[in-house]
Amino acid sequence: MADGTAPRKLIFKILRYNPKVPGDRPRLQSYQLEEADGMTLFIALNEIRDKQDGSLAFDFVCRAGICGSCAMMIDGRPGLACRTLTKSLGAEITLAPLPVFELIADLSVDTGKWMRGMSERLETWVHLKEGEVDLRRIEERMDPDLAEEIFELDRCIECGCCVAGCGTARMREDFVGAVGLNKIARFRLDPRDTRSDEDFYELVGDDNGVFGCMSLLGCHDVCPKQLPLQTQIAFLRRKMVSQGMK
Ligand code: SF4
Ligand code: F3S
Ligand code: FES
């Protein structure tokens with residue numbers, strides 16, 4: 001290693017299971033790998049797949065914490081594999097797919113299907129007046145502070161870590177998760193969106209939304225983009241309660 005120490009021997013215990021293969025059963029499979037300088041889980045998994053086991057399934061696109069596709073359970077905690085250095089972990093590393101989402105195979109899950117369903121239910125797009133497509137309104141200058149606030153919430157990469165780390169999401173199939181509540185907070189701020197607070201309440205003012213959240217805060221702890229999820233959820237809840245919506 002660069003610091004002159006001998007490289008560690010890493011042991012990866014990876015949950016293997018392909019639900020589409022008849023008779024396949026979930027099992028932990030071990031792989032050994034010598035640690036290299038600056039090794040991320042992305043690098044390690046690719047090395048395992050290239051040199052030891054071409055059948056190992058996992059997802060990566062950007063390798064830079066932008067696409068959200070490499071989220072997995074890393075030693076029991078949701079995180080992005082491309083942003084996790086092996087040196088931040090012990091010599092034995094357990095990897096498993098994110099829970100809640102549909103399993104494709106091994107470490108690969110279909111977050112897209114879940115996110116699309118949630119986005120359609122919450123209508124996560126700017127709603128203009130019915131029948132009106134006013135480009136001037138869409139392109140109107142926005143107060144820079146407000147634009148900054150919206151941009152902050154727009155940094156969500158839909159990785160699914162907050163959903164995987166949430167006890168409510170595991171119990172309630174239709175719970176929109178911190179990712180969904182964050183989107184509602186984002187569109188509520190947007191001056192171009194013509195929906196009222198009551199409209200937003202219709203979407204998340206129940207146990208699958210704001211009132212299903214038990215403030216477990218796992219979402220806030222694991223979000224790789226450090227979004228202010230706790231603050232946003234608490235704000236939405238207070239707002240709805242103060243308006244007599246619950
Ligand atoms: Fe991922 Fe954070 Fe977005 Fe949740 S809110 S999907 S943890 S980026
Ligand atoms: Fe889940 Fe986060 Fe609420 S972990 S219960 S959405 S505070
Ligand atoms: Fe895109 Fe990790 S590969 S976030």
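We count ligands from 1, going down the list as the structure has it; atoms in each ligand are counted the same way.
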- Using a 4.0 Å heavy-atom cut-off, say whether Ile157 meets ligand 3 through its side chain, its backbone, both or neither. neither
- Message: If you define the side chain from C-beta out and look only at heavy atoms, does anything of Ile14 sit under 4.5 Å from Thr94?
- Response: no
- Task: May I ask you to check whether Cys67 brings an N, O or S atom to under 2.8 Å from atom 1 (Fe) of ligand 3?
- Result: yes
- Checking only N/O/S atoms, does Cys62 have one that is under 2.8 Å from atom 1 (Fe) of ligand 3? yes
Counting non-hydrogen protein atoms only, what is the nearest one to [atom]? Give residue, atom name and distance.
| atom | value |
| --- | --- |
| atom 2 (Fe) of ligand 1 | Cys223 SG, 2.4 Å |
| atom 5 (S) of ligand 1 | Leu227 CD1, 3.6 Å |
| atom 8 (S) of ligand 1 | Ile157 N, 3.5 Å |
| atom 4 (S) of ligand 3 | Gly68 N, 3.2 Å |
| atom 3 (Fe) of ligand 1 | Cys156 SG, 2.4 Å |
| atom 2 (Fe) of ligand 2 | Cys219 SG, 2.3 Å |
| atom 1 (Fe) of ligand 2 | Cys166 SG, 2.3 Å |
| atom 1 (Fe) of ligand 1 | Cys159 SG, 2.3 Å |

- Item | Ser108 and Asp106 side chains, donor-acceptor separation under 3.5 Å | no
Relative to the heavy atoms of [X], which atoms of ligand 1 are at a distance of less than 4.0 Å?
| X | result |
| --- | --- |
| Glu158 | 3 (Fe), 6 (S) |
| Gly160 | 1 (Fe), 6 (S) |
| Lys225 | 8 (S) |

- Query: Can a non-hydrogen atom of Ala178 be found less than 4.0 Å from any atom of ligand 1?
  - Reply: no
- Task: For Pro224 and ligand 1, answer yes if some heavy atom of the residue is under 4.0 Å from a ligand atom, otherwise no.
- Result: yes
- Among Asp199, Asp193, Asp197, side-chain hydrogen bond (donor to acceptor under 3.5 Å, both in side chains) partner for Arg195: Asp193
- Message: Using heavy atoms and a 4.0 Å limit, tell me yes or no: is Ser215 in contact with ligand 2?
- Response: yes
- Do the charged groups of Lys183 and Glu158 touch, with an N to O distance under 4.0 Å? yes
- Are Arg49 and Asp53 within salt-bridge range, i.e. N to O under 4.0 Å? no
- Output the list of atoms in ligand 3 that are nearer than 4.0 Å to some heavy atom of Gly65, sorted by atom number. 4 (S)
- Task: Below 4.0 angstrom from a heavy atom of Arg63, which ligand 3 atoms are there? Numbered from 1 as shown, please.
- Result: 1 (Fe), 3 (S)
- Item | Candidate list Ser69, Cys62, Pro224, test side-chain contact (heavy atoms from CB on, under 4.5 Å), partner Leu80, passing option | Pro224
- Answer side chain, backbone, both or neither: which part of Cys213 comes under 4.0 Å from ligand 2, heavy atoms only. both
- Task: Show your working on salt bridge (Lys or Arg N to Asp or Glu O under 4.0 Å) between Glu34 and Lys9 and close with a plain yes or no.
- Result: CA-CA 5 Å; Glu34 194 165 278; Lys9 294 260 180 276; 3.0 Å; yes
- Please state whether the rings of Phe58 and Phe60 are parallel, tilted or perpendicular, taking 30° and 60° as the class boundaries. perpendicular
- Cys162 near atom 4 (Fe) of ligand 1: N/O/S under 2.8 Å: yes
- Query: What are the two closest heavy atoms between Gly65 and Ile157, and how far apart are they?
  - Reply: O-CD1, 3.7 Å
